[in-house]
Asks: 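Below: one structure in structure tokens.
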Amino acid sequence: GAVVSQHPSWVICKSGTSVKIECRSLDFQATTMFWYRQFPKQSLMLMATSNEGSKATYEQGVEKDKFLINHASLTLSTLTVTSAHPEDSSFYICSARDRTSGGAGQYFGPGTRLTVT
Amino acid sequence: QKEVEQNSGPLSVPEGAIASLNCTYSDRGSQSFFWYRQYSGKSPELIMFIYSNGDKEDGRFTAQLNKASQYVSLLIRDSQPSDSATYLCAVNNAGNMLTFGGGTRLMVKP
């Protein structure tokens, strides 16, 4: 149980275009989903927290107009990187918290590697 | 001061030895503690979580929690080369948010 999927697993896009990443909880309902970014050899950086049906909460320094998050259902959250630039190239990972587990940890998706050329 | 601290390593142990990974945290209100393993280029996977003081064992892994001293550790017995990865400590605070440490890179040498 507690499987989280992400799509796509990797994407290459041109500078100035937008990219959408999907995060799905496959066998549980996730009231809260999290989006992280990880640069090579660095730790996870929380970008934003999204709760189903409400606006995402962004961490300090993360541009909400650039990284659009939609959590439309209990099993799906999307992150759209708008007007991507090469410095946005990174490993984007989502995680989800099982609403029935009382907050016992987060389950991570496999990640999406974004390369902006 | 970071909220969750880990030695970045690398921690190098020979195959078959016990690897000991440590983590300290600053928020005394923290309720639950997690260890994740992250292989290079992959996302983290949950290994263990612990809520109560003392030890919790799961196979070759033992998590130890000492709330008075604000540290949590992970012991890996009979370490294997496949255990080589970065181990992330995460702490769930009163706001039910996970805070991650920077991770400790473990290298198990055959």
Side-chain angles (χ1 to χ4, degrees), chain A residues 1-10 21 23-25 28 30-51 56-60 79 89-115, chain B residues 1-10 21 23-25 27 29-52 56 58 61 63 65 72 74 84-107:
Chain A
V3 178
V4 177
S5 71
Q6 268 184 255
H7 178 81
S9 56
W10 60 269
I21 303 170
C23 176
R24 293 181 185 272
S25 56
F28 67 98
T31 46
T32 306
M33 289 185 170
F34 305 86
W35 287 96
Y36 294 85
R37 182 167 52 181
Q38 188 174 37
F39 293 105
K41 298 190 187 301
Q42 294 187 24
S43 186
L44 291 170
M45 288 175 44
L46 179 65
M47 298 175 67
T49 303
S50 74
N51 292 295
T57 302
Y58 290 81
E59 294 299 300
Q60 192 172 8
L79 166 68
S89 299
S90 187
F91 191 41
Y92 291 85
I93 311 172
C94 74
S95 71
R97 188 157 63 202
D98 185 345
R99 68 184 303 191
T100 64
S101 70
Q106 298 172 20
Y107 300 95
F108 284 87
T112 297
R113 192 161 301 281
L114 170 64
T115 301
Chain B
Q1 181 186 3
K2 290 185 179 178
E3 295 181 33
V4 180
E5 295 257 20
Q6 292 181 258
N7 188 317
S8 60
L21 304 160
C23 171
T24 59
Y25 59 94
D27 184 356
S30 300
Q31 301 294 313
S32 46
F33 307 85
F34 305 83
W35 282 100
Y36 288 84
R37 176 176 61 196
Q38 185 176 23
Y39 291 111
S40 181
K42 302 294 184 182
S43 67
E45 57 178 318
L46 182 64
I47 300 175
M48 291 189 70
F49 57 88
I50 185 168
Y51 299 138
S52 306
K56 179 182 178 182
D58 184 0
F61 298 97
L65 174 61
V72 58
L74 179 70
S84 298
T86 296
Y87 289 80
L88 301 169
C89 170
V91 175
N92 209 16
N93 60 27
N96 213 19
M97 294 293 294
L98 271 189
T99 300
F100 284 88
T104 297
R105 186 170 155 227
L106 173 67
M107 297 173 58

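Atoms considered below: every heavy atom in the structure, side chains included; atoms not considered: hydrogens, waters and symmetry mates. By convention in this document, chain letters (A, B, ...) are assigned in the order of the sequence lines, proteins followed by strands, and residues within each chain are numbered from 1. This is a predicted model, so every value here is computed, not measured.
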Asks: Distance from A:F34 atom CZ to A:T57 atom OG1, nearest 0.5 Å?
Replies: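 Here the interatomic distance stands at 10.0 Å.
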
Asks: Looking only at heavy atoms, what is the nearest atom pair of A:F108 and B:P44, with distance?
Replies: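 Result for this residue pair: CB-O, 3.4 Å.
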
Asks: Heavy-atom distance under 4.5 Å to chain B: side chain of A:T49, backbone, both or neither?
Replies: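 Contact with chain B is through the side chain of A:T49 alone.
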
Asks: With A:E59, which residues qualify under salt bridge (Lys or Arg N to Asp or Glu O under 4.0 Å), at least two apart?
Replies: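 Per chain and number, A:E59 pairs via salt bridge (Lys or Arg N to Asp or Glu O under 4.0 Å) with no residue.
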
Asks: Quick one: closest heavy-atom pair of A:P110 and B:S43, and the distance?
Replies: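 Of all heavy-atom pairs spanning A:P110 and B:S43, the closest is CA-OG, 3.4 Å.
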
Asks: At a heavy-atom separation under 4.5 Å, does B:Q38 approach chain A through its side chain, its backbone, both, or neither?
Replies: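 Contact with chain A involves the side chain of B:Q38 alone.
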
Asks: Please flag which part of A:Q6 lies under 4.5 Å from any non-hydrogen atom of chain B: side chain, backbone, both or neither.
Replies: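 Nothing of A:Q6, per the 4.5 Å heavy-atom cut-off to chain B.
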
